[in-house]
Number of protein chains: 2
Amino acid sequence: MTLSPPPHLTPRKKPRQARATVTLDAIFEATIQVLVSDGPRRLTTTRVAERAGVSVGTMYQYFPHKQALFYALNERYLDALAGEVEEACRAQHGAPIGRMVEALVTTYWAAKTERVEVTHALYRSVAEIDNEPLIEAFAQRVDAATTAMFASASDAAFADLSAVVLTLLTSIFGTVRSVFERHLPIAEADAVMRQLKLMCTAYLEAAKVQGKDAPVAA
Amino acid sequence: MTLSPPPHLTPRKKPRQARATVTLDAIFEATIQVLVSDGPRRLTTTRVAERAGVSVGTMYQYFPHKQALFYALNERYLDALAGEVEEACRAQHGAPIGRMVEALVTTYWAAKTERVEVTHALYRSVAEIDNEPLIEAFAQRVDAATTAMFASASDAAFADLSAVVLTLLTSIFGTVRSVFERHLPIAEADAVMRQLKLMCTAYLEAAKVQGKDAPVAA
DNA sequence: CCTCAAACTGAATGATCCTTCATATCCTGA
DNA sequence: TCAGGATATGAAGGATCATTCAGTTTGAGG
């Protein structure tokens, strides 16, 4: 998350004392809660401050304006998410591609479903800000981690790995998002996730270098 | 698009004279343009009216409030989109599944890329309203059309067709959305679409009833 | 214990913008 | 040609909110 931090969206100051850190956390959590209960349109600075138990002025010590708050919130979230995916990728180093797909989908889905309403709220809040830089940074981290993982696969090699990874990730992330958007009941959502794994595996089998069951040397 | 029309979002009246129809179209087009140029946050009733060449009051003759305008806009859009998909499905009746996938992806992608900025703006504007009913209605139409199509496939049958269709559509729609969200250059986007077709085809091959190259009788 | 910066407060400001309604114009059918 | 409904106007009301800042409280280091 270190790429191109837009100047107008940067926090005003970082907490130096312990209570300031507490305050900041409270503000973030309050933002999420208001987002969940009132929706992005009715999220006002006053409401967030109220819910966080601080005054409006306090918020403005850390963020130059409302958008910066949204931005920082998404940054936090995406940063954590990227971290989880990276870890999952590392854990599957050298494994067969089937297990890799399994891990990728499961990890991402688990992260998104851990707090369903929050995920929903964040998906919706995204329209409030220009978060391209965040998406970009997130994508780069995850792309890199995933590419490294598949390059180490024990049972397959790919002619154009970067295209394969791009497709795989785009479809996994997109499918998850669509499942949320359709408000599918958990049972059906889980079913789709199972099918998604099947789909990704079938794709990789079809895309891998034929006649070569392992990369370089097996 | 006839399912459960929320009362508070219903248009106030329908045009009875020719000029009213013109006005309505102008309002919709203006909404899109403002959405594209100013973003959903800066879309105000005044701005839309101005761009449409009418007065604010006129807008309020057709829509009880701003949200109803958004709602109607999305309704129009999704209605047209569903129509295109339905037609594509009809055209592939009895074809092999490969062609079906090809048609599905191509049609949807073409519809979304016809006016890229508009698609973008609409994706972003969605957060402004509660459009679940619209999504729901859209999904039902497309689900039905797609299911009917695949049920007629000349070279495959599926044990759980509805699950397959749900997965297929969710991933296609989601992938397209993700591609837009990442602002991929056209070249890469097209590449992903080609891979997506491969992915879907591989999935269907893996999911079809084995040893049966055609449904019922071949 | 004292000092100073860090952190916090919240009423006031100013801007934006949705929505209404009294009025004016236009169109159509008789 | 004319009446009455359909359509259009846009200034003004009223509400909401983001943001500021002068002043207060808190905590850490000396």
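Both backbone and side-chain heavy atoms feed into the values below; hydrogens, waters and symmetry mates do not. Throughout, a chain's letter reflects where its sequence line sits, starting with A, and its residues are numbered from 1.
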Considering only residues two or more places apart or on different chains, which pairs with a residue in residues 21-39 of chain A satisfy salt bridge (Lys or Arg N to Asp or Glu O under 4.0 Å)?
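Residue pairs with at least one partner in residues 21-39 of chain A: A/Asp25-A/Arg76, A/Glu29-A/Arg115, A/Asp38-A/Arg47.
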Is there any salt bridge (Lys or Arg N to Asp or Glu O under 4.0 Å) pair reaching into residues 174-200 of chain A, and which pairs are they, with sequence neighbours excluded?
A/Glu102-A/Lys197, A/Arg177-B/Glu181, A/Glu181-B/Arg177, A/Arg182-B/Asp143
Would you please name every residue forming a ring-ring contact (aromatic ring centres under 6.0 Å, His included) with B/His120, sequence neighbours left out?
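Listed in chain order: B/Phe180, B/His183.
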Tell me, please, which residues at least two apart from B/Phe158 pass ring-ring contact (aromatic ring centres under 6.0 Å, His included).
none
Listed in order of residue number, which residues of residues 33-40 of chain B have a non-hydrogen atom at under 4.0 Å from DNA chain C?
none
Aromatic ring proximity B/Tyr203/A/Tyr203, centre distance under 6.0 Å
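Ring centres of A/Tyr203 and B/Tyr203 not closer than 6.0 Å.
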Donor-acceptor side-chain pairing of B/Arg99 and B/Gln92 below 3.5 angstrom:
no
Does either side chain, that of A/Arg16 or that of A/Thr21, offer a donor lying less than 3.5 Å from an acceptor on the other one?
no
Sequence-aligned protein contact record of nucleotides 5-19 of chain C, with B where the base is within under 4.0 Å of a protein heavy atom and S where only the sugar-phosphate is:
-BBBBB------SSB
